[in-house]
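Index from 1, following the sequence.
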Amino acid sequence: MNEKKETKVIDILTSIPVILILLCCCLPVSCVLTAIRLARMKEKEKSYKVSTVVLAVLTFGTMILVTGMIAVETVRQSKWDKEYQSYMAAEDYVSAEQMLDEKKEQGITSSLTQSYLELYRLSGDGDKAAAVVKEYFDSLDDKTNFSEFVEEKLAEIKPELDPETQRSIDDVLAQVAAAREEKLQESIAESVALAEQQEAEEASKAAEESSKAAEKAAKESSKAAEKAAEESSKAAEKAAEESSKAAAEASKAEQERETQLQEAEEDIKDYIKNKKSSALKQLKKIDGEIFDQAWINCLTEAISNETEWTPTVKDTVSAYCSLYRESHGDTISEKAKKVMSSLETLSGYDSQIFQLENKYGSIDLENSIVYTGIFYVSGRLETAYINAFTGENQDEINSYKGEDGAAWAAYNVEYILDTAWPGNIAYVLLADKESPFPFEGAYTVTYIDTGLTKTLIDAQGFEQEAPVYKMTQDYGEMEEAGRQLSQLKAMRSQEYADLRRQLSGEESELTDGETAAAFSGDWWDINSQRCNMTITQGEDGTFYVSVNWGSSAWETTQWTLSGRYDGTAGAIVYSNCTETDYVYDDAGHETASVAYTDGTGKLYLAGGYVYWEDDKFDRSSECCFERSQY
């Protein structure tokens, strides 16, 4: 059965009508079918054999003819190409163009158009390019089939063409783009229409299915809603029960924590007061977080009423820091580390202040005024006077003059015949050295007024209340020491204020307006006498700061920064400081170089002065800015 079907199919395919039709549209297939028909001639009748021979002659003859024509055309094209290329190589562009024109008579193609464009590019006849492009465009039935290779060639040679030719070519390309856009829109419209039709059909079908599904879903939803309501009710009851239980547990945990915290605070206070080793052992057992909070609470309470840094406050803070290290030294919190760091800083200020104050004995460096006067020194009190100082008077005098010093009797100077003589007003001069005066006579003395007045009794028994002056050899040194002392005390006060804010979590009490008024203005460094600062505040509250330092007439340095006031730090905090160094040559030409742009630090007020802590190079110990009076 299958063999009969195969034979029938072969008979149809090798029939004369089929082979003739394929002869016109697909010659190779026609030849293959003719060969199959020839192979089957032996088992066929005479008429079939005759028609097969005729058909074979026709088919294979056509094949030979077509092949020959293709060969001839190939040879002719090859000869044409060789001749054309020889003209191009010889730069005979006129002959080359004539050959292109002859070929164009058969119809202008994409490749021919490209050849024209290349020819015009090489020959310099670019003005002809527009015409050939227009002719190629007009020859196209479908303008959207404009060759992309031609477009690429045009893009290559266009820059070399004159403007008019470029405009003509652009017009053609614009028409191509418009045709493509129109075709695209038509395609989109057809696609949209087809999609809408499909969508409508699908929607209709979906609506029908949806109706059925909705009916089914309604029934299922009703059952599900009833079940969900029941489950939801049970879940709500369970959640309420669990929430109540969790709240109770949280409340219990909070109460337990508060109890632990109170007990820890009591243990801490007991240890600070009695220093019992048993209490320390108990403290070591306390959870780190509980201990840390209790420690902070106790320390905050201990210094809450102490607004000034005193030895008592120092002892208190030191005791609390020692306790932390001894009990929980392996788990010190960041806040506790800051407290310990502040204690170290404050202790450093205390040490510097003590050294300055001890250097000058009982002299009030910050408030004492240094004078210069002429005195007639008559001799040491121990030899010139009897019982000059006794008891407490002598102790106070010794605190001023020091262990190796001496007290000297002096008078105002009167001149008689250009000779200095002692006057009637007596003074007591306290010297650090035992013998600052080589002989009796008039001396110019630099001194400060101690505020003391002592009764002197001379050899004849006369008494006189004499002011007591403390001699000093270096006015500038004492003035600088007084300035440093004020600065150190102000910095110590600021550090202690910062410590109290850290413990309590409070912010600075300055309002925005007070902050702006306190910082804004021009400031002058009283230490170096060569650095000035200008602070202004913008509308958004940002402070803009400019600091200028004059190293010499040829070198200056400027720092510019901006930041906002941080109430917790009690300072203007910044992270964008830029340092620029300026050098001037003999002609006054300026050379600027930027050292860095990422400086961080802060500016704060203390004792009416502005202090600058710069993290790049700490200037807090160098600069102390006083508000300029000009």
Side-chain angles (χ1 to χ4, degrees), residues 1-89 95-119 132-153 176 179 183 187:
M1 186 71 179
N2 290 334
E3 290 181 1
K4 289 183 179 180
K5 287 184 179 181
E6 291 177 1
T7 302
K8 188 174 182 180
V9 170
I10 294 174
D11 288 340
I12 295 172
L13 291 175
T14 56
S15 64
I16 292 175
V18 171
I19 292 176
L20 291 176
I21 292 172
L22 291 174
L23 183 64
C24 298
C25 60
C26 188
L27 182 59
V29 176
S30 176
C31 291
V32 172
L33 293 176
T34 302
I36 294 173
R37 187 180 175 95
L38 286 170
R40 299 177 67 206
M41 279 196 316
K42 295 179 180 180
E43 55 190 52
K44 299 293 182 178
E45 63 275 11
K46 184 177 180 180
S47 59
Y48 181 89
K49 293 179 180 179
V50 172
S51 61
T52 298
V53 172
V54 173
L55 189 60
V57 172
L58 178 62
T59 302
F60 291 115
T62 303
M63 183 68 177
I64 294 169
L65 178 62
V66 169
T67 303
M69 292 174 64
I70 292 173
V72 170
E73 180 60 26
T74 301
V75 172
R76 189 181 68 82
Q77 182 64 35
S78 175
K79 181 180 179 182
W80 184 91
D81 287 340
K82 185 181 293 186
E83 185 177 357
Y84 174 75
Q85 291 300 330
S86 66
Y87 287 142
M88 292 295 289
S95 298
E97 184 176 9
Q98 289 176 354
M99 290 190 68
L100 292 177
D101 290 342
E102 292 175 0
K103 194 170 184 179
K104 188 175 66 172
E105 292 177 357
Q106 302 173 9
I108 186 165
T109 62
S110 168
S111 59
L112 187 60
T113 304
Q114 294 177 64
S115 298
Y116 270 114
L117 293 175
E118 179 65 17
L119 172 65
V132 74
V133 171
K134 183 68 168 60
E135 186 175 355
Y136 167 64
F137 174 75
D138 292 339
S139 70
L140 297 173
D141 295 330
D142 184 353
K143 309 303 182 184
T144 62
N145 291 331
F146 194 92
S147 173
E148 294 180 359
F149 298 107
V150 174
E151 290 185 83
E152 292 176 0
K153 194 66 179 178
V176 172
K183 187 172 182 179
S187 176

Where the side chain of Tyr116 meets the backbone of Ser111, is there a donor-acceptor pair that is under 3.5 Å apart? no
Ser187 side chain vs Lys183 backbone, donor-acceptor pair below 3.5 Å: no
Looking only at heavy atoms, what is the nearest atom pair of Leu117 and Val150, with distance? CD1-CG1, 4.2 Å
Are side-chain heavy atoms of [X] and [Y] found at a separation under 4.5 Å?
X	Y	result
Glu152	Gln114	no
Val132	Leu112	no
Val133	Phe146	yes

Atom OG of Ser110 and atom NZ of Lys153: how far apart are they, to the nearest 0.5 Å? 11.5 Å
If I take atom NZ from residue Lys104 and atom CE from residue Met99, how far apart are they, to the nearest 0.5 angstrom? 14.5 Å
Side chain to side chain contact (heavy atoms under 4.5 Å, CB included) involving Ser139 - partner list, sequence neighbours excluded: Ile108, Tyr136
Side chain to side chain contact (heavy atoms under 4.5 Å, CB included) evaluation trace for Val176 with Thr144: CA-CA 6 Å; Val176 172; Thr144 62; over 6 Å; no
